[in-house]
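Here's the structure we're looking at; comments come further down.
Computed over heavy atoms, backbone and side chain alike; hydrogens, waters and symmetry mates excluded. All of these numbers come straight from a predicted model, not from anything done at the bench. All residue numbers refer to positions in the sequence shown, counting from 1.
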Amino acid sequence: MLPNATAGHLATMDGTDAANLTQNGTANGTNSSAILISFIYSVVCFVGLCGNSLVIYVILRYAKMKTATNIYILNLAIADELLMLSVPFLVTYTLLGQWPFGSMLCRLVLSVDAINMFTSVYCLTVLSADRYIAVVHPIKAASYRRPTIAKMVNLAVWLLAILVILPIIIFSNTATASDGSVTCNMQMPEPSTRWPAVFVVYTFLMGFLIPVTAICLCYILIIMKMRVVALKAGWQQRKRSERKITLMVMMVVTVFVICWMPFYVVQLVDVFVGQQDTTISQLSVILGYANSCANPVLYGFLSDNFKRSFQRILCLRWMDNVAEEPIDYYATALKSRVYSVEDFQQDHLEQDSVYRNGTCTSRTTTL
């Protein structure tokens with residue numbers, strides 16, 4: 001069994017560390033701290049559930065929102081939504097100072113929470129790869145960036161997340177502490193001093209470092225490509241729509257890194273330095289959960305499609321009278337492309353050429 005000092009090493013993705021730390025604080029007479037933390041968690045949960053529910057409804061409601069990129073965003077919203085559903089258990093754990101739900105729910109909550117945590121970061125990796133294909137390989141994009149393929153990729157993401165968090169599924173359980181209270185965490189095998197460090201490094205690599213490195217590589221290649229073709233004839237119109245979507249995804253990724261990096265830094269410091277500050281640990285976990293309620297806000301500010309859709313659902317259309325319906329980038333792309341017979345034939349002979357004589361001759365790409 002992991003001692004409370006290393007408990008956050010994790011049941012790592014679920015914030016149980018915060019509950020354990022708060023439990024210790026409550027025993028020392030700081031019950032007000034537990035109430036405050038529970039209130040913050042409740043606010044994050046409420047905002048996250050409302051925001052992600054709105055995103056899910058908008059994408060499912062409007063046919064024009066069912067682009068490949070939005071299918072990936074839908075998967076991210078579902079993962080964030082499910083992550084928020086574990087917060088009430090955490091709040092109860094924090095207030096009571098022990099786990100009252102039994103061994104089965106302990107394993108289920110920790111496992112589902114971890115699955116959704118990993119699914120979120122893998123969704124962002126897929127979104128970044130989708131942006132790379134759309135910008136760097138626009139001709140081939142039509143073959144790969146389809147809703148059907150996006151759904152299959154989403155399924156693969158969930159399966160990969162389940163595979164990665166198998167240790168959490170296996171080792172999550174309840175245990176009775178020395179004071180008689182019941183805790184819910186990962187009960188690692190012996191030697192108990194080695195496995196926590198191994199597991200922290202494992203989760204850091206699989207849940208943060210490797211995905212974020214892949215994401216950064218995608219955007220480096222995107223930036224290089226956009227600089228090369230920025231002045232080519234016919235690119236400017238396409239560039240605007242691609243640029244807005246790419247900017248939105250980049251902001252979502254940036255916020256993810258800002259929200260989750262402190263959590264992993266705290267966990268690594270706890271293992272290899274041995275120093276743990278209760279307040280910093282709690283704040284790092286809260287910040288990680290807050291990321292799940294930040295994404296819908298980013299969509300509303302950075303995407304015209306989402307903003308208009310949100311306004312329609314919330315009866316706020318008076319705020320933007322430019323368009324009644326979400327923009328259909330697919331239809332816009334179709335209308336913006338002019339094919340002559342000569343260009344069409346040349347397009348089959350020269351697959352690598354996108355713009356010729358000021359006329360866009362690439363295959364239609366769903367944005």
Side-chain angles (χ1 to χ4, degrees), residues 2 7-17 45 48-49 52-53 55-56 59 68 71-90 99 101-130 147-174 184-189 195-196 198-215 252-253 256 259-260 263-264 267 285 288-289 291-292 295:
L2 294 175
H9 304 149
L10 302 213
T12 263
M13 306 307 131
D14 65 323
T16 304
D17 184 33
C45 180
L49 287 175
N52 287 292
S53 295
V55 171
I56 293 169
I59 296 176
I71 295 298
Y72 296 131
I73 290 177
L74 172 65
N75 201 38
L76 178 60
I78 291 173
D80 287 338
E81 183 94 337
L82 294 175
L83 189 65
M84 291 295 96
L85 292 178
S86 65
V87 174
F89 294 95
L90 178 58
W99 182 261
F101 302 108
S103 175
M104 183 175 297
L105 266 180
C106 172
R107 187 185 302 270
L108 179 63
V109 170
L110 295 194
S111 300
V112 170
D113 198 272
I115 289 172
N116 292 303
M117 168 57 199
F118 279 102
T119 300
S120 294
V121 67
Y122 294 154
C123 282
L124 293 177
T125 307
V126 170
L127 269 168
S128 301
D130 172 76
T148 303
I149 292 181
K151 293 174 183 177
M152 291 189 292
V153 172
N154 285 342
L155 177 61
V157 165
W158 283 95
L159 293 176
L160 176 61
I162 293 174
L163 181 64
V164 170
I165 64 99
L166 278 178
I168 298 177
I169 297 176
I170 295 172
F171 295 113
S172 294
N173 206 344
T174 56
C184 171
N185 216 309
M186 292 188 64
Q187 315 304 325
M188 286 293 201
W195 281 105
V198 172
F199 189 65
V200 167
V201 173
Y202 169 75
T203 52
F204 172 67
L205 291 175
M206 299 301 297
F208 190 82
L209 184 60
I210 294 177
V212 170
T213 300
I215 289 169
V252 171
V253 171
F256 173 86
C259 288
W260 280 105
F263 173 79
Y264 285 102
Q267 299 302 329
V285 176
Y289 275 96
N291 175 72
S292 294
N295 291 338

Search all heavy atoms of [X] against all heavy atoms of [Y] and return the closest pair with its distance.
X	Y	value
Asp130	Ala68	OD1-CB, 4.4 Å
Ser172	Ile168	OG-O, 2.5 Å
Leu205	Pro211	O-CD, 3.6 Å
Asn52	Ser292	ND2-O, 2.8 Å
Glu81	Ser53	OE2-OG, 2.6 Å
Ala161	Thr119	CB-OG1, 3.4 Å

Out of curiosity, [X] [atom1] to [Y] [atom2], how far, rounded to the nearest 0.5 Å?
X	Y	atom1	atom2	result
Ile170	Met186	CD1	CE	9.0 Å
Lys151	Asn75	NZ	CG	12.0 Å
Leu76	Ile56	CG	CD1	10.0 Å
Ile115	Leu110	CD1	CG	11.0 Å
Phe208	Met117	CZ	CE	8.5 Å
Leu90	Cys45	CG	SG	10.0 Å

*asked:* Could you check whether any side-chain N or O of Tyr72 sits under 3.5 Å from a backbone N or O of Ser128, counting only pairs where one atom can act as donor and the other as acceptor?
replied: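 Checking the backbone N and O of Ser128 against the side chain of Tyr72, no donor-acceptor pair under 3.5 Å is found.
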*Using modelled atom types only, decide if a donor and an acceptor are shared between the side chain of Asp80 and the backbone of Gly48 within a distance under 3.5 Å.*
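Between the backbone of Gly48 and the side chain of Asp80 there is no qualifying donor-acceptor contact (under 3.5 Å).
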_side-chain contact (heavy atoms from CB on, under 4.5 Å) between Leu127 and Val252, worked out_ = CA-CA 10 Å; Leu127 269 168; Val252 171; 5.6 Å; no
*Take the angle between the ring planes of Phe101 and Phe89 and call it parallel below 30°, perpendicular above 60°, tilted in between.*
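Phe101 vs Phe89 ring planes: perpendicular.
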*Would you call the rings of Trp260 and Phe263 parallel, tilted or perpendicular if under 30° counts as parallel and over 60° as perpendicular?*
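Answer is perpendicular, since the angle exceeds 60°.
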*Under 3.5 Å, is there a donor-acceptor pair between the Asn185 and Trp99 side chains?*
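Checked: Asn185/Trp99 side chains show no N/O donor-acceptor pair below 3.5 Å.
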*Will you find, in the side chains of Tyr289 and Asp113, an N or O donor that is under 3.5 Å from an N or O acceptor?*
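Yes.
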